[in-house]
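Protein chains get the first letters and strands the later ones, always in sequence-line order, with residue 1 at the start of each. The figures here come from the full heavy-atom set of this structure, side chains too, leaving out hydrogens, waters and symmetry mates. What you see is a predicted model; the values in this text were computed from it and never measured.
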There are 2 protein chains.
Amino acid sequence: MIYPISKQTLQRLPLYLSYLKTLGFEYGSENISATTIANALRLNQVQVRKDLASISSSGKPKIGYNIQTLIVEIESFLGYDNINEAVIVGAGRLGTALLTFQGFKEYGLDILAAFDSNPEKLGMTACSKPILPVEELKEMCLKFNIRIGIITTPAKCAQQVCDLLVESGIQAIWNFAPVHLIVPPNILVQNENMATSLAVLSNHLTERIKSGEEKNGTRSDIREK
Amino acid sequence: MIYPISKQTLQRLPLYLSYLKTLGFEYGSENISATTIANALRLNQVQVRKDLASISSSGKPKIGYNIQTLIVEIESFLGYDNINEAVIVGAGRLGTALLTFQGFKEYGLDILAAFDSNPEKLGMTACSKPILPVEELKEMCLKFNIRIGIITTPAKCAQQVCDLLVESGIQAIWNFAPVHLIVPPNILVQNENMATSLAVLSNHLTERIKSGEEKNGTRSDIREK
DNA sequence: TAGATTGTTAATCGATTAACAATC
DNA sequence: TAGATTGTTAATCGATTAACAATC
């Protein structure tokens, strides 16, 4: 049975995919079991089985899944095999890094250009992708029917940029600014929130100190005195 | 009562914090209710109340929370008021962007240096933070008792770098490489996984197409024919 | 055949939400 | 006082995990 897909499942699929891709010929088999994947990624095996069952029916009892088939099935489900075009707004360090990063193609993402309001930023990057004036954003999005907008501006202009992207017909927003964006119902906002990650890291370290796991330079081998 | 804090709550706290900080004097009051925060961030008000109750007891019936007090309480809980030092491994575009980004200080993160195995990358960045040879990593981490390691290397050397960081006494890892890292039990790995985000974005767009919300350039105003 | 592995049903667990009592 | 708002207990919801039947 094909289960409806939950957001949690959706977020684990890229994990399975990247694991499957690391398996070279030295793995020694064309097939792999859900249990093997679960052990490698430290997940529950039933969870992996359910996740895989939700996107594939190529699993065979006693045999498992054919690795290549499974890779294709996951990539296809995730839409990595048809390219989505995107634009970036905010050509700061992060924006430029994303613009020039070659690796997104394999996830089906093609960033066409960045936009910035600072005239000094305009021009071509080394990888021949343009940084254009923000005034040209809407025209380009409509003309090329671009569906993904990436926001890498400072927090204070993020909402304004977001509104402009929505107006330009964008359907999904990848937001790197540490703010909550207000959008119409059928537009997806995916937050890549560094502040959130840092909160988790920082809290973990604080907890360690509180619980006495570490004391100010004390070596761990003598901490139990 | 102080509830134990869940990871979900922990991840919403930075959201509240950034919202509270956007409230200028034009907000018109020193106090704010959980309901107001919930509405602004499109969250359930009971959820916000519970989250806040888990880190604060300064809420007063009929009045709400004092904004400044709440900001300080959240920042303090998240550990933003005591600086954690970090190092980056991998001085590519992303690594360098993170190294030179000035904004992490306000989250209590101070990145001291980046490390790379490519001699051509070594030297000083514009903001006078050094890029050092990876051979010096362990020594520096131990000497300065550094607790956070940031991995921005290609996927294929991420695990090796991770092992080196663990060996160097790091306690938490912020991983930007799209791989699952194996670490000892008490080390935290926080994945900043772009592939995961892209999966969510890509799937959203695919769903839209499937459900017929959009048809190949058809204008949305005539889609219901 | 026997055993490994899949897929599914049922139980558990935890987070969210609803209802409500307490209180400034 | 009355009403707004907090904090808490109970109900709901959804995801994870356990148990097990099906099968190559």
Side-chain angles (χ1 to χ4, degrees), chain A residues 1-16 19-20 23 27-67 69-70 73-74 77 180 196 199-200 203, chain B residues 1-16 19-20 23 27-67 69-70 73-74 77 180 196 199-200 203:
Chain A
M1 191 253 225
I2 303 289
Y3 298 97
I5 196 149
S6 71
K7 188 164 180 182
Q8 281 84 341
T9 295
L10 184 53
Q11 301 200 65
R12 279 190 297 268
L13 290 174
L15 231 69
Y16 303 150
Y19 171 70
L20 293 171
L23 298 175
Y27 175 69
S29 169
E30 286 178 5
N31 302 305
I32 194 164
S33 73
T35 315
T36 307
I37 299 175
N39 289 341
L41 301 179
R42 310 267 171 103
L43 295 171
N44 181 286
Q45 42 139 328
V46 180
Q47 191 171 59
V48 175
R49 274 218 298 284
K50 274 201 168 177
D51 286 347
L52 296 183
S54 71
I55 56 129
S56 165
S57 43
S58 66
K60 291 191 185 60
K62 197 173 172 181
I63 294 168
Y65 290 83
N66 177 278
I67 296 173
T69 306
L70 195 51
E73 284 174 318
I74 297 176
F77 181 85
H180 173 84
T196 295
V200 176
N203 182 257
Chain B
M1 192 252 226
I2 303 288
Y3 299 97
I5 196 152
S6 72
K7 187 164 180 181
Q8 281 86 341
T9 296
L10 184 53
Q11 300 200 69
R12 279 189 297 266
L13 290 174
L15 232 69
Y16 303 149
Y19 172 69
L20 293 171
L23 299 174
Y27 175 67
S29 169
E30 288 177 3
N31 302 306
I32 193 164
S33 73
T35 315
T36 308
I37 298 175
N39 289 341
L41 301 178
R42 310 268 170 102
L43 296 171
N44 181 287
Q45 42 140 326
V46 180
Q47 190 171 59
V48 175
R49 274 219 297 286
K50 274 201 168 177
D51 285 347
L52 296 183
S54 71
I55 56 128
S56 167
S57 43
S58 66
K60 290 192 185 59
K62 196 174 172 181
I63 295 169
Y65 289 83
N66 177 279
I67 296 172
T69 306
L70 195 51
E73 284 175 319
I74 297 176
F77 181 85
H180 172 84
T196 296
V200 176
N203 183 258

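- Across the protein-nucleic acid pair, Asp51(A) atom CG and dT17(D) atom P stand 11 Å apart, rounded to whole Å.
- Comparing dC24(D), dT17(D), dT6(D) by their closest approach to the side chain of Gln47(A) singles out dT17(D).
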Reading 5' to 3' and counting Watson-Crick or G-U wobble pairs with both distances under 3.5 Å, write the dot-bracket notation for DNA chain D, | for bases paired outside the strand.
..||||||||||||||||||||||
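- For Arg49(B) and dA19(C), the CZ to P distance is 13 Å, given to the nearest whole Å.
- Proximity of Asn44(A) to the phosphate of dA15(D): no side-chain N or O atom is located under 4.0 Å from OP1 or OP2.
- At a threshold of 4.0 angstrom between heavy atoms, the contacts of Lys62(B) include nucleobase atoms, whether or not backbone atoms are also involved.
- The side chain of Arg12(B) contributes an N or O atom lying less than 4.0 Å from OP1 or OP2 of dT16(C).
- In this structure, the nucleotide among dC24(D), dA19(C), dT6(C) sitting nearest to the side chain of Thr35(A) is dT6(C).
- Between the CD1 atom of Ile32(B) and the C1' atom of dA4(D) there is a distance of 15 Å, rounded to whole Å.
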Working note: Leu70(A) + Tyr16(A), criterion side-chain contact (heavy atoms from CB on, under 4.5 Å); need CA distance, chi angles, decisive distance, verdict.
CA-CA 9 Å; Leu70(A) 195 51; Tyr16(A) 303 150; over 6 Å; no
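- A pairwise comparison of heavy atoms in Ala38(B) and Val48(B) identifies CB-CG2, 3.7 Å as the closest pair.
- Glu73(A) pairs by the side-chain hydrogen bond (donor to acceptor under 3.5 Å, both in side chains) definition with Ser56(A), Ser58(A), not counting sequence neighbours.
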List the steps and the verdict of side-chain contact (heavy atoms from CB on, under 4.5 Å) for Gln47(A) and Arg12(A).
CA-CA 10 Å; Gln47(A) 191 171 59; Arg12(A) 279 190 297 268; 3.3 Å; yes
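- The closest side-chain heavy-atom distance from Tyr65(A) to Leu20(A) is not below 4.5 Å.
- The nearest pair of heavy atoms linking Tyr19(A) to Ile32(A) is CE2-CD1, 3.9 Å.
- Out of dA18(C), dT23(C), dT9(C), the shortest distance to the side chain of Lys50(A) is found at dT9(C).
- When rounded to the nearest whole Å, the span between CD1 of Ile37(B) and P of dG7(D) equals 12 Å.
- Of the residues near DNA chain D, Leu43(A) and Val46(B), the one whose nearest nucleotide (by heavy atom distance) lies more toward the 5' end is Val46(B).
- Between Leu70(B) atom CG and dG7(D) atom P there is a gap of 11 Å when expressed in whole angstrom units.
- Nearest nucleotide to the Gln8(B) side chain, out of dT16(D), dA15(C), dA2(D): dA15(C).
- Between Leu41(B) atom CG and dT16(C) atom P the separation is 15 Å, expressed in whole Å.
- The distance from atom CD1 of Ile5(B) to atom C1' of dT16(C) is 16 Å, rounded to the nearest whole Å.
- Atom CD1 in Ile63(A) sits about 10 Å away from atom C1' in dA4(C), given to the nearest Å.
- Contact check, Asn31(B) against dT5(D): no side-chain N or O comes under 4.0 Å of OP1 or OP2.
- Contact check, Tyr65(B) against dC24(C): no side-chain N or O comes under 4.0 Å of OP1 or OP2.
- Of all nucleotides listed (dT6(D), dG7(C), dT23(D)), dT6(D) comes nearest to the side chain of Pro61(B).
- Each of Thr9(A), Leu13(A), Leu10(A) was compared with Ile55(A) under the side-chain contact (heavy atoms from CB on, under 4.5 Å) criterion, and only Leu13(A) meets it.
- For Gln45(B), the side-chain hydrogen bond (donor to acceptor under 3.5 Å, both in side chains) test picks out Arg49(B), with sequence neighbours left out.
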